[in-house]
Every structure is written in C-alpha cells, then in structure tokens.
Amino acid sequence: MYAQSIRNVAIIAHVDHGKTTLVDQLLYQSGTFRDEELDKLAGAEHNLIMDSNPLERERGITILSKNCAIQYTAKDGREYKINIVDTPGHADFGGEVERVLKMTDGVLLVVDAFDGPMPQTRFVLSKALAHGLKPILVVNKVDRPDSRPDDVVNEVFDLFVELEANDDALDFPVIFASAKEGWATMDLSRPNSNLQPVYEAIIHSIPAPKVDPDKPLQMLVTSLEYSDYVGRVGIGKVFAGRMLQGQPITVIDKNGHHTQQKVVQLYEFERLGKKRAEEVEAGDICAVAGLDPVDIGDTVACPEQPLALPIVAIDEPTMSMTFQVNNGPFAGQDGKYVTSLQIRDRLDKELQTNVSLRVDSGQTADEFIISGRGLMHLGILLENMRRESYEICVGKPQVIVRMKDGVRQEPIERLVIECPADCQSAVMSLIGTRRSEMLRMDSKTGASDYVHMEFMIPSRGLFGLNARILTATQGRAIMHHTFEQYEPMRGSIPDRQAGVMIASETGTITAYALDALYERGFFFVRPGDKVYEGQVVGEHCKDNDIVVNATKAKQMSNMRTSSKDDAARIRPARILSLEGHLEYVQHDELVEICPSSIRLRKRLLREGDRRRAARLGVDAVIKQ
C-alpha cells in the first residue's frame, strides 16, 4: 500500500533551538542531493537552506512554514518518502504552525539542551497533542559546554504531564543531537557520526498516514501560494481517494458552499520544490493549481460524493493596529505606492496566505484596522510593505478586548525571563509595575548564577518592556512570551515615562542646533537628516514634550569662529528598529514608514493644533 511508505512529519520548537539547522542537515545526509546543490542555496550568517526568505536570513528566524520531501532507504532496505514541514519558532507566527500540523502524522520536538522547554515549546506541543500527533523529542545542542540533557528530558516530560498527554504520547523516543555538527544518538555514552537515528525514529515511531484510498476524494487545503500564471495554488494532504490531473472536483468552503472546478495542474513535493504529477494518492501532500475560489480550510472533494473535512481552527488575533495613508509633508517623495486603494490591494493579497491576519475598515476611507498575533507579526507585514516601496503611517498597537458575561477581558501572556542573579531586583521592579503575576522563580538547573522567572502578564504590559529589560540588565537577560488566555482587565499600566522633543520647523538637522540641545536628552536623528514640523527628533530628559528648533544654523558673520564647530557636542543618535518604533510610539503619535526611512511624528503636526486639541480633550478621545 502506497501510504505505508510515506511519513509526514513537522519540525516544531521554540525560536533559536536549532530546528531549521536540523532540517538542513537532514537534507544534506538524505542522499537526495549533492552537497554542491545545497551549498548554492545556503545563505546568510548561518548558511541556512530552508530559511530562504530575505527577512528570515536577516533576522535569523523562521517566518513562513515550508515543505520539502526526501527519499530515504531504511536499514531493512525499504524505500520511504518523508515529507518534512519546517515551522516558525516565534509565538507571533503560531498561525503558521496551527494550519500545517493538520498535514502531518507526527512531530519532531526540538528542545535546546541548555534552555529546556520555553513558552513556544509549550504552545506548539499543546497544538500537536490536540491533533493527536506522535512526538519524538530531539534534545539539540548537547555539545554545548553548559548543556544539561538529562534535566531537559525530565522538564519536557513534566510539560507533557502538565498538558495532559495520553500514555502513548508520554512514551516518546528521545534523541540527543548536535544539528550544527550533524550527528545524533539515542545514548550519549555511544557516540555517532550522522543523523541516521533521526531518520530511523521517523520511520519506526511516526505512523503512516491513516487514510482510505478507496473512499471518495477528500483533500484539506492548509496552505496557499500564488502564481501570476495559474493563480492560486492550494496545498494540502489527501485524506481519502486519489486525485488525477484534469479531473473535475468540488471545492467546499467554510460556509458549506460548493463550487464545481477542475484540477488545472497537479504537483507533488520532491526535494526542495514541486514536480508535475499525473496522480496523487491518499496520504501524500500535494499542490493543486488553478482553483478559484479557494481558501485555507476548504475541502477539495469528489463531485459525485462531496464530503467536507473538519475546518482547521486558528486562534484569533490578540492585537490590532491602525494603518493609514501617509499624510505627512514628505509623503510621496520616497515610496511608489501611497494611496489607500494601493494599500488595500496589498492587504487583500496578504489575507490570501496569512491566516492569522484580519483587516477591517477604519473610521475614514484612508484608515484600516489590522489585527494580528503580536507585535512581530504585524511588524513583519510592515517591513515587507516597506521593502515593496509602500508608504504608510501606523498608530500605537492596541490589545483586542473582549466582552464575556458583561466583563471586559484582555489577552494574558506567559512571560519567561532568564537573567543573572545580580539583575533579579532590576527585572522585578520593571515587571511589578505592569500588573503581572509571578508563577515561579528558581535557579536554572545547571547554571546556578542564572535565575528563571515565569509571569502571567497582560499583553499591553509587554509594550516597550524588552528594551527596558535589556537596558536594566546590560543586555544579559533573555525574554520570551506567548499568549495564554483571556482574563478580566487588570487595571492601568504606565505609559512611556519620558517626553519627546518635537521639531518646530522643516529643514535639515545641523550639528550647531544639536550642540545647543545637548543637555535636553538624546536624539533619533543625525546632522544632515531632513525633518519637518511636528516630527519627533529625540527623547526629552523630563516627562513633558518640548518643541525645539533642530535645524537652526550658525549665523555666518565675523563674530563667529570656525573653531566652534570642531568642539560641537553631539550625542550618538539612537536609531530604533521598526519594532522599536512600534513599542515606543504613544497614542498621540504615528510611525511614518517609508522605503528608506522610518520616522516618528505627532498626529497633529502644528503646535497650535496640538494645544487646541489638548484644551478640547482630544488626546483623551484618541487614547480611548
């Protein structure tokens, strides 16, 4: 039976635990590729193959889930096809994990041999157990000098118990590995030189797909791609029957509506890409081109007996942000796409593949309310739009509040912080003002000088926290968080404590002006940068906003000496990243995002307008 020779497996892990590195080494050692082929595809700092997106390679994280297929010959001589799905490790991209798990029959749970289970480990494991998938534990990076593999195995087992895993799931195989070095073993006392134990564990521990090839066709669309030539491409697993090139099919959407269509092109996954196929049997993962309409969660079925499969449930967004057309003085000077229609078309395109995203209309025709899973989720969308030459302004992120039994509820996240013991009090003082609740605190096993702390904290309490934690601990703290549940509102949380310096005139920043403002705080701009009235040019050392002339030039007369310029005092500019801007912005401000610059500005650019609005209480209205 064909399905018996297939293994569908997803690689899941917390961010930076070596998941994608393990997949790359599995590709190298599979025998399916020549090393030279993969070397050409490797890139970025860590020479990763599966992280092929430019943003993924720059940031060193996986953002999009990806499929590949390798052929493997087991020790008994049998040939197997292993479909591997690489998934993101960051909590904000959990929607990518949720939708692809439906395609698989088991998971490789990769855990760092020092860090142990982290917040995203809990999230992805809970989703895998909910789908009834068979887990295999891979304790990675055991070659680290500070590794503690035995303790990590015990911690993972405790996590399984806490998540109420059944007896079959609790009996998981354990593999110790160093993905970077390309070796794995079932017993640390018996060294090994390759990853064959991982392949064998996949073959013998993960079950073959539970399918029925004799029943009518059923395929669940769990991912979408888009081609300019054939339109939408639906990707998913065939649960029953078989699919033929050119055959008529019925697409059943989430509302039960049926549309009669045809398989224009049929593909199966091979190596790192896809190849045309005449037939795909039950149990395999395939791609169908030319379907319209089709969406994630739809069922491709037999026209004679159309039966829908259960819909893939995706957790709802927890954070929203207002996107609006750039209406600043420099609008249109940098970007190519600046109108609301162009922005709307781009957001509609994103909705086709980004299952965790929601787009609603704003208060005006130029505004859109975008909802996502976290700050990085929305930040990646904005970064992609910026690189595609869009200009856009965004407001302060807001958590999505729900009403349940007449009570307002907000999203609560599990926050894990690991820091040196001498930084513990500084971290606790920052967390304590943000309506957090401590769950546990203890010394990290195997690293007595580090403290492991877990909190339950409102999502809005995380805005701006990362930068302040890193500053308070001199960059030595590690902080991770993931959504846990909704709970009643926990009260007010302090906003940014410092005020800002606002440019009073449009012009070019001068060293002469920054020297005169040296004692007022630090700046976000450098000499030579162009600014406009109402733009935020720096952070004030006190808690109030002030208007400054950062473009003032020295008068060219005999009463001035040229040596004064040589002694100008200028603080190094604090250049914020896109996510840094989103954390820093307040309710009366906007982040102006352009292809070659990111600026912070006031909603009302003129000082007179801001004073008038303050008298009328407009700031309070904006904040609500």
Side-chain angles (χ1 to χ4, degrees), residues 9-19 22 87 89 91 94 97-98 101-102 104-142 147-177 184-188 197-198 201-202 204-207 313 315 412-418 437-447 450-457 478 480-487:
V9 59
I11 317 291
I12 60 176
H14 186 81
V15 63
D16 202 32
H17 278 198
K19 166 178 42 60
L22 176 62
T87 63
V97 181
E98 292 175 80
L101 287 180
K102 190 71 175 177
T104 63
D105 304 289
V107 294
L108 287 182
L109 177 65
V110 182
V111 180
D112 189 291
F114 174 73
D115 292 341
M118 298 294 280
Q120 184 67 358
T121 310
R122 168 186 290 271
F123 172 79
V124 295
L125 180 58
S126 65
K127 296 299 179 182
L129 295 176
H131 283 81
L133 304 180
K134 176 65 178 179
I136 297 174
L137 174 61
V138 179
V139 181
N140 193 26
K141 305 183 184 180
V142 294
S147 67
R148 48 189 192 94
D150 294 333
D151 292 329
V152 167
V153 172
N154 292 332
E155 291 173 10
V156 172
F157 185 85
D158 292 341
L159 179 59
F160 271 81
V161 174
E162 191 175 337
L163 294 175
E164 299 180 350
N166 58 34
D167 292 343
D168 184 54
L170 287 172
D171 187 23
F172 53 85
V174 179
I175 301 173
F176 303 98
T185 180
M186 305 293 287
D187 186 350
L188 284 173
V198 179
I202 292 174
H204 298 294
S205 299
I206 292 181
D315 289 348
I412 304 295
E413 306 208 17
R414 179 183 292 266
L415 171 66
V416 174
I417 297 178
E418 293 181 352
E437 173 188 341
M438 174 170 279
L439 300 179
R440 56 177 291 203
M441 179 176 65
D442 49 34
S443 296
K444 191 172 181 67
T445 308
Y450 263 70
V451 178
H452 176 93
M453 295 177 282
E454 292 188 17
F455 304 87
M456 297 294 280
I457 185 172
I478 300 173
H480 295 289
H481 56 89
T482 186
F483 170 74
E484 190 76 13
Q485 60 196 9
Y486 267 83
E487 290 184 5

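Bear in mind the structure is a predicted one, so any value in this text is a computation, not a measurement.
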Heavy-atom pair of closest approach, residues [X] and [Y]:
X	Y	value
V124	A13	CG2-N, 4.2 Å
D112	D115	OD1-N, 3.1 Å
P149	V142	CB-CG1, 4.2 Å
F172	P135	CB-O, 3.6 Å

For [Y], does its backbone N or O pair with a side-chain atom of [X] as donor and acceptor, under 3.5 Å?
X	Y	result
K134	D168	yes
T185	D187	yes
K19	V110	no

- Message: Any salt bridge linking R414 with E437? Criterion: basic side-chain nitrogen under 4.0 Å from a carboxylate oxygen.
- Response: no
- Step by step, would you call F123 with F483 a ring pair (Phe, Tyr, Trp, His ring centres under 6.0 Å)? CA-CA 8 Å; F123 172 79; F483 170 74; 8.7 Å; no
- Query: Among R440, H14, H452, whose side-chain contact (heavy atoms from CB on, under 4.5 Å) with V416 holds?
  - Reply: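 Option passing the side-chain contact (heavy atoms from CB on, under 4.5 Å) with V416: H452.
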- Is any side-chain heavy atom of D105 less than 4.5 Å from a side-chain heavy atom of V9?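 Answer no - side chains too far apart.
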- Message: Looking at Q485, I want to see if its CD is surrounded by more than 12 non-hydrogen atoms of other residues, nucleotides or ligands under 6.0 Å.
- Response: yes
